[in-house]
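Chain identifiers are assigned alphabetically (A, B, ...) following the order of the sequence lines, protein sequences preceding nucleic acid strands; residue numbering begins at 1 within each chain.
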Amino acid sequence: MMRHLPVFLLLAAALFAGVPDKADGQCKGFARRICRLDLEHYIHDGNYHAAILTEGEEAELYKTFYADQDYRIAICGSDLMADIQFRVMDIQRNVLYDNSDNDYKGTWDFRLESSQQLMIWLRVPSPNPGEEPESGCVAILFGLSGR
Amino acid sequence: MRSVIARRLIAPLILVPAFFIAFAGCTGNCSRQERDREFTVELPGDSPRDAERVRQIFYSLPSPVETALILKSSGAVFDEDLLNPVENVSRYITNRSMALNLGIYTTNLSYASLFDQAQICIDYLDASKRLADNLGIIDAVDNFTLERLEENISNQEVIMDIVSETFMNSSSFLQENNREPVAAMLLAGGWIEGLYLALNQVDEDDLEHNKLINIIIDKKLSLEIVMLLLRQNSHNEDVAGLIEEMGRIVAIYEKMEIKRSPVEVDRSGEDGVTVLRSSTDARIDRQVFTELKLTVTDIRNSFVS
């Protein structure tokens with residue numbers, strides 16, 4: 001058994017290394033083909049933030065937003081990830097926006113009078129009791145108006 | 001992301017995930033525990049219960065596209081002499097120099113595109129493609145993209161879209177292929193180039209009336225995130241060296257006192273755009289400005305030489 005352990009480790013390592021890349025690649029395609037459309041006339045800043053999340057899980061993103069710029073945040077999930085909730089908070093975690101107050105709309109447009117470091121928090125809703133949680137891509141993209 | 005997905009997909013192989021998780025470390029996206037060790041701003045409200053649910057932490061730096069837009073809206077003008085000449089591209093043969101200069105060239109490309117510099121855009125996209133290819137980034141810029149740029153050279157919207165796509169292709173490829181240290185250096189290169197361009201467009205005798213000064217001061221906010229990204233990749237020798245160099249900039253920013261008022265939300269705008277109202281009280285004296293400019297120029301020139 002011990003003789004085969006290195007082979008087993010190598011095979012498992014290959015599995016470990018390969019499967020997530022494919023999943024991540026699918027997430028990138030999803031972000032590019034689907035989520036980018038939600039930015040509409042805003043210019044995508046080119047940053048890529050996407051991950052595979054399971055129902056009930058959360059993610060956080062920290063970013064500096066600059067004064068006098070018009071921003072759009074677009075958050076989208078694959079079909080299995082309906083009604084993703086997101087909040088925009090300042091560094092003291094005061095909630096500045098919560099999309100659950102706006103029918104879980106996936107985009108929010110805003111501008112700042114002075115630059116701020118903000119946090120975007122999102123949560124994929126938990127599955128109904130007794131149901132297996134689903135997993136899928138969730139992406140956060142930013143657009144600027146370039147006005 | 002890799003460790004999270006692995007836990008789900010190969011949970012039965014207990015031995016192997018344990019082995020890899022032990023050595024994976026925290027890279028571009030990391031756990032709340034890793035974040036809490038590094039993040040310097042106050043984040044009350046965290047709890048162990050939250051930690052179980054939070055699967056991803058992202059740090060987002062200003063991209064070359066955002067940097068160029070901010071520079072232009074703050075009154076920057078186009079100055080070709082500030083760009084890193086494309087002729088330098090053949091000098092970059094290490095991962096470190098290629099990554100840093102890919103960030104620098106992409107920022108130069110964004111900057112040129114906003115000022116309708118058609119031929120310069122083509123040259124810098126070509127230089128970016130060469131560096132991306134040499135870094136092993138597949139399809140960051142394909143032949144179709146180059147043709148599309150040439151066909152739309154007077155269409156600023158298409159050019160910005162190409163720049164955005166190029167940057168996304170490069171950084172996502174590196175992140176998805178376990179090359180987060182290279183991705184972090186790419187971002188750091190773009191960050192320092194943005195600061196270099198801003199610093200070199202300000203008249204030192206007229207600091208009070210230049211809007212670019214605000215951008216330079218606000219860079220302190222994103223510098224925190226740059227340092228977080230670099231520290232998360234400090235196991236990489238090149239990144240460790242970069243942290244020391246960037247530390248010189250951190251030390252200068254610590255001399256600036258910046259006060260920010262609480263944010264108030266104003267939804268009364270007719271255009272449907274929410275305004276986050278707040279003010280910043282900050283000042284930079286001439287001595288600190290000069291020190292920052294000399295230091296940033298010195299570090300940036302060491303990257304491009």
Practice task
Would you please test B:K219 and A:Y66 for side-chain contact (heavy atoms from CB on, under 4.5 Å) and show each step?
Solution key: CA-CA 9 Å; B:K219 278 273 187 177; A:Y66 285 86; 4.2 Å; yes
Practice task
Walk me through it: do B:D161 and A:R36 pass the test salt bridge (charged side-chain N to carboxylate O under 4.0 Å, His left out)?
Solution key: CA-CA 11 Å; B:D161 191 54; A:R36 245 176 149 218; 3.3 Å; yes
Exercise for the section: Take B:L69 and A:D45 through the side-chain contact (heavy atoms from CB on, under 4.5 Å) test and state the conclusion after the steps. Expected result: CA-CA 10 Å; B:L69 284 166; A:D45 71 355; over 6 Å; no
Practice task
Take B:V263 and A:N94 through the test side-chain contact (heavy atoms from CB on, under 4.5 Å) and record every step on the way to the result.
Solution key: CA-CA 9 Å; B:V263 180; A:N94 297 309; over 6 Å; no
Practice task
Could you walk me through whether B:D271 and A:R111 pass the salt bridge (charged side-chain N to carboxylate O under 4.0 Å, His left out) test, one step at a time?
Solution key: CA-CA 11 Å; B:D271 56 1; A:R111 74 175 70 102; 2.9 Å; yes
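Residues B:F58 and A:E60 are not in side-chain contact: their nearest non-hydrogen atoms beyond the backbone lie 4.5 Å or more apart. Side-chain contact between A:Q117 and B:I225 is present, with at least one heavy-atom pair separated by less than 4.5 Å. Within the 4.5 Å cutoff, the side chain of B:V265 has no heavy atoms near those of the A:F110 side chain. A 4.5 Å side-chain heavy-atom check between B:E157 and A:I43 finds every atom pair outside the cut-off. Residues B:D218 and A:T64 are not in side-chain contact: their nearest non-hydrogen atoms beyond the backbone lie 4.5 Å or more apart.
Comparing B:L276, B:V65, B:T67, B:T280 by how many heavy-atom pairs each has under 4.5 Å with chain A, the most go to B:L276. Comparing A:F142, A:Y97, A:Y71, A:F65 by how many heavy-atom pairs each has under 4.5 Å with chain B, the most go to A:Y71. If you tally non-hydrogen atom pairs under 4.5 Å between each of A:I120, A:L96, A:I140 and chain B, the highest count goes to A:L96. Counting heavy-atom pairs closer than 4.5 Å to chain A, the top residue among B:I215, B:V275, B:V273 is B:V273. In terms of heavy-atom pairs under 4.5 angstrom with chain B, the leader among A:S115, A:A31, A:A67 is A:S115.
A distance of 12.0 Å separates CG of A:D90 from CZ of B:R260, quoted to the nearest 0.5 Å. Separating the CG atom in A:L144 from the CD1 atom in B:I70 is a distance of 7.0 Å, to the nearest 0.5 Å. Interatomic distance, NE2 of A:H49 versus OG of B:S171, reported as 8.5 Å (0.5 Å rounding).
Contact annotation for B:R277: both backbone and side-chain heavy atoms come within less than 4.5 Å of a heavy atom of chain A. Proximity to chain B (any heavy atom under 4.5 Å) is restricted, for A:L118, to the side chain, taken from C-beta onward.
Listed for the B:S164 side chain is a donor-acceptor partner under 3.5 Å among the backbone atoms of A:H44. The backbone N or O of B:L61 lies less than 3.5 Å from a partner atom in the side chain of A:N47, making a donor-acceptor pair.
Within 6.0 Å of atom CD in A:E131, more than 12 heavy atoms from other residues, nucleotides or ligands are found, so the atom counts as buried in its surroundings. For A:L37, the CG atom counts as densely surrounded, since its 6.0 Å shell holds more than 12 non-hydrogen atoms of other residues, nucleotides or ligands. For B:E264, the CD atom is loosely surrounded, since the number of other residues' heavy atoms within 6.0 Å does not exceed 12.
Paired with B:Q56 under the rule side-chain contact (heavy atoms from CB on, under 4.5 Å), one option of A:L61, A:V138, A:L53 passes, and it is A:L53.
Closest approach of A:Q116 and B:S261 over heavy atoms only: NE2-O, 4.1 Å.
For the 3.5 Å distance criterion, the side chains of B:S278 and A:S114 qualify, holding a donor opposite an acceptor. Side chains of A:E113 and B:S279: no donor on one and acceptor on the other come within 3.5 Å.
For A:R32, the salt bridge (charged side-chain N to carboxylate O under 4.0 Å, His left out) criterion is met by B:E165, not counting sequence neighbours.
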